[in-house]
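Numbers restart at 1 for each chain; the letters A, B, ... are given by sequence-line order, proteins then strands. Source: prediction; values computed, not measured. Just so it is clear, the values below take in all heavy atoms, side chains as well, and ignore hydrogens, waters and symmetry mates.
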Protein chains: 2
Amino acid sequence: MGLSKTDLFTPEQNDLARAAKAFGNPARVAILQSILRVQGCINGDLVRELGLAQATISQHLRALKDIGILQGRIEGVSMCYCIDPERWAEIKERFNRLFDQGEKLPSKNCCQSENPCTQPKN
Amino acid sequence: MGLSKTDLFTPEQNDLARAAKAFGNPARVAILQSILRVQGCINGDLVRELGLAQATISQHLRALKDIGILQGRIEGVSMCYCIDPERWAEIKERFNRLFDQGEKLPSKNCCQSENPCTQPKN
DNA sequence: TTTATTTATCGTAATATTGCAATTAAACGA
DNA sequence: TCGTTTAATTGCAATATTACGATAAATAAA
């Protein structure tokens, strides 16, 4: 296998999962933070900054491009990578919609309490 | 390989990536939404609800337990899975800290504009 | 033109993920 | 006790991910 059954889920669930998967590697998190820090473009500095091989960085950049959160532009001999603000906002929104549902959670985890489960078992 | 080089990154980056990875599968997104919907515990209904095999659901539940976002309690013959509100809030915070840095982004992507990259190339 | 710089791609190895059937283990009910 | 229900675990196959070295392609500099 090794492949998610995307047809069982909504497009929103699949898109959120796809975005989360792209965030699911510390190197890609570091890349995003780096671009956010300079508030602009970024290039080969990443290789020196992150301590990973150039081929590996390039691969991570492509993974971020694949979910639409990064765009690249050729700038002379080097590359300029930027965040797409619209896509960024869209993904942020998707995560927030999920996280906000957690606001209604009881402060005490129901699995820690003595009370039985609120939901019927079948 | 197949293994992230976690030692190159901060604990925060690694934890965020680990949490994102757990969110990075549509079945796990659906499981979380299901628990949030009932605002309590959840059990074998997931198997009927999601259309995945019981072993697969159990595996996904364990992945969510592994990042500390889910807790389980035995309730008779069945299981009661709940979200840990503290860990939920912590993960939400980590994501928010990342997303909020994007607030400062220019509305026009610098890769779409005519201006050259603001950062030096090396 | 030649050389250096920069980044993408290819090939490869090691490991991880996904999903399922089959089995096991535990608790309940008759 | 015996069968039923529920969920975890095991074993397996297919595929994905991660990282790297080597190479290629494109531009800039000499």
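Heavy-atom nearest nucleotides on DNA chain D were determined for Leu3(A) and for Leu52(A), and the one closer to the 5' end corresponds to Leu3(A). Residue order along DNA chain C, read from the 5' end via each residue's closest nucleotide, puts Val77(A) first among Lys65(A) and Val77(A). Nearer to the 5' terminus of DNA chain D, by closest-nucleotide assignment, is the contact made by Lys21(A) (compared with the other of Lys5(B) and Lys21(A)).
Within the 4.0 Å cut-off from OP1 or OP2 of dT17(D), not a single side-chain nitrogen or oxygen of Asn25(A) is found. Phosphate proximity of dA7(D) to Ser58(B): absent, as no side-chain N or O sits under 4.0 Å from OP1 or OP2. Residue Arg28(B) has a polar side-chain atom (N or O) positioned under 4.0 Å from OP1 or OP2 of dT18(C). For His60(A), a side-chain nitrogen or oxygen approaches OP1 or OP2 of dA19(D) to under 4.0 Å. The side chain of Thr56(B) places an N or O atom within less than 4.0 Å of a non-bridging phosphate oxygen (OP1 or OP2) of dC20(C). At dA8(C), one or more side-chain N or O atoms of Tyr81(A) fall inside 4.0 Å of OP1 or OP2 (strictly under the cut-off).
Side-chain contact between Asp100(B) and Lys92(A): present, with at least one pair of heavy atoms (C-beta onward) separated by less than 4.5 Å. Counting only heavy atoms from C-beta outward, the side chains of Met79(A) and Tyr81(A) approach each other to under 4.5 Å.
Atom CG in Leu8(A) sits roughly 13 Å away from atom C1' in dC20(C) (whole-Å rounding). Computed from coordinates, the Phe9(B) CZ to dA19(D) C1' distance equals 11 Å when rounded to whole Å. The nearest whole Å value for the distance from the CG atom in Asp45(A) to the P atom in dT5(C) is 15 Å. As a whole-Å value, the separation of Leu70(B) CG from dA8(D) P is 11 Å. The interatomic distance linking Leu61(B) (CG) with dT18(C) (C1') rounds to 15 Å, in whole Å. Here dA8(C) presents its P atom at 11 Å from CG of Leu46(A), a figure rounded to the nearest Å. Between the CE atom of Met79(B) and the P atom of dA8(D) there is a distance of 5 Å, given to the nearest Å. Note: CZ (Arg62(A)) to C1' (dT6(C)) measures 17 Å, nearest angstrom.
Atoms CG and CG, from Leu64(B) and Asp84(B) in turn, are 12.5 Å apart once rounded to the nearest 0.5 Å.
For Gln59(A) and dC20(D), a side-chain-to-base donor-acceptor distance below 3.5 Å is present, hydrogens and geometry of angles not being considered.
Taking every side-chain heavy atom of Ala53(A) into account, dG21(D) is the closest of dA8(C), dA8(D), dG21(D).
Looking at every heavy atom in both residues, Gly72(B) comes nearest to Lys65(B) through N-CD, 4.3 Å.
Using a 30° and 60° split on the angle between ring planes, Phe95(A) and Phe23(A) fall in the perpendicular class, above 60°.
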